[in-house]
Protein chains: 2
Amino acid sequence: MSSEHTLNCESTDHQMVSVIKRSDDVIEDTASLFSALGEVSRLRLLELLFDGPRCVSELAHETEQSMSLISQRLKILHQARLVNKERQGKHIYYSLSDEHIVQLLNNAFDHVEEHK
Amino acid sequence: MSSEHTLNCESTDHQMVSVIKRSDDVIEDTASLFSALGEVSRLRLLELLFDGPRCVSELAHETEQSMSLISQRLKILHQARLVNKERQGKHIYYSLSDEHIVQLLNNAFDHVEEHK
DNA sequence: TAAACAGTTTAACATTTGTTTAATTGTTGA
DNA sequence: TCAACAATTAAACAAATGTTAAACTGTTTA
């Protein structure tokens, strides 16, 4: 890509190119989003949610890990707006926040699978 | 999404649902990819590369940071296959690896900008 | 070939992050 | 209301990560 860009960079006198910059807020939130996605165990949790909503004890049971651990991971995913919470009696159900996120994840998985 | 899924979870007897799992390798590489994207300064670097290839000294100059720092950040981005390296005489030019990545980034930025 | 420049690597340090265990909050049903 | 269950929180700790400064490698050109 971008193969038509000139590569003229002689000594330290670089010509400044004005780039359209995203706002600090957007960059920070995007970094948080990616950061939340950047861990194997959280990615596995999201993978389980692909199949539909799950409560904390279900996820703990399915992954054979403590509820505390699962809860803390879900908190990070929730803060990054990757999952929704919904209380249903004693249980709290977590689900993927929207179709956007499903697509983002599948894109990333597919991209990685291609480059193998 | 997934609003038609049943939420019947009584006591701890959860019914197991067989989910199609991605391989450990794919999950790990995807986590690395997201992890590399999950930091403000690296995201800013990628943003600069949206405009075309840049060498380390250019990026250091434009961001007013040390070449060492830029070089280390680029290394992480390169290891995650987010950017390509190409030597051109004294300079090493970095560029976004492919259009897939451009789309992934723009998707994420747009998603964050929407939810504000 | 040696000086100058571009880039990378290393080691040390501070900060952040993930996990464990135990205590705490919230909800239901006997 | 209180016992039992579901989930969250807090504190302590280990591991991973980002930054700085200095040493090092690679390339050009005088």
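No experiment lies behind these values; they were computed from the predicted model shown. Naming: A, B, ... by sequence-line order, numbering from 1 per chain.
Phosphate proximity of dA6(C) to Y94(B): absent, as no side-chain N or O sits under 4.0 Å from OP1 or OP2. OP1 or OP2 of dA6(C) has not a single side-chain nitrogen or oxygen of R87(B) nearer than 4.0 Å. Distances shown here put every side-chain N or O of H91(A) at or beyond 4.0 Å from the OP1 or OP2 atom of dT27(C). Contact between the side-chain N/O atoms of K90(A) and the OP1/OP2 oxygens of dG29(C) is not found at any separation under 4.0 Å. One finds a side-chain N or O of K85(B) lying less than 4.0 angstrom from the OP1 or OP2 phosphate oxygen of dT8(C).
Of the residues in residues 70-80 of chain A, those lying under 4.0 Å from DNA chain C by heavy-atom distance are Q72(A), R73(A), I76(A).
Following rounding to the nearest Å, Q65(A) (CD) and dT20(C) (C1') show an atom-to-atom distance of 12 Å. In this structure, Y93(A) places its OH atom 10 Å from P of dA6(D), rounding to the nearest Å. Between the C1' atom of dA6(D) and the CG atom of L59(A) lies a distance of 13 Å, rounded to the nearest Å.
A donor atom on one side chain and an acceptor atom on the other are found under 3.5 Å apart for R73(A) and S41(A).
Counting non-hydrogen atoms under 4.0 angstrom, I92(A) reaches the backbone sugars and phosphates but no base.
Summary of the strand contacts: G89(A) and G38(A) both lie near DNA chain C, and taking for each the nucleotide with the nearest heavy atom, the more 5' one is attributed to G38(A).
For dT9(D), the base has a donor-acceptor partner in the side chain of S68(A) [N/O atoms by modelled type, under 3.5 angstrom].
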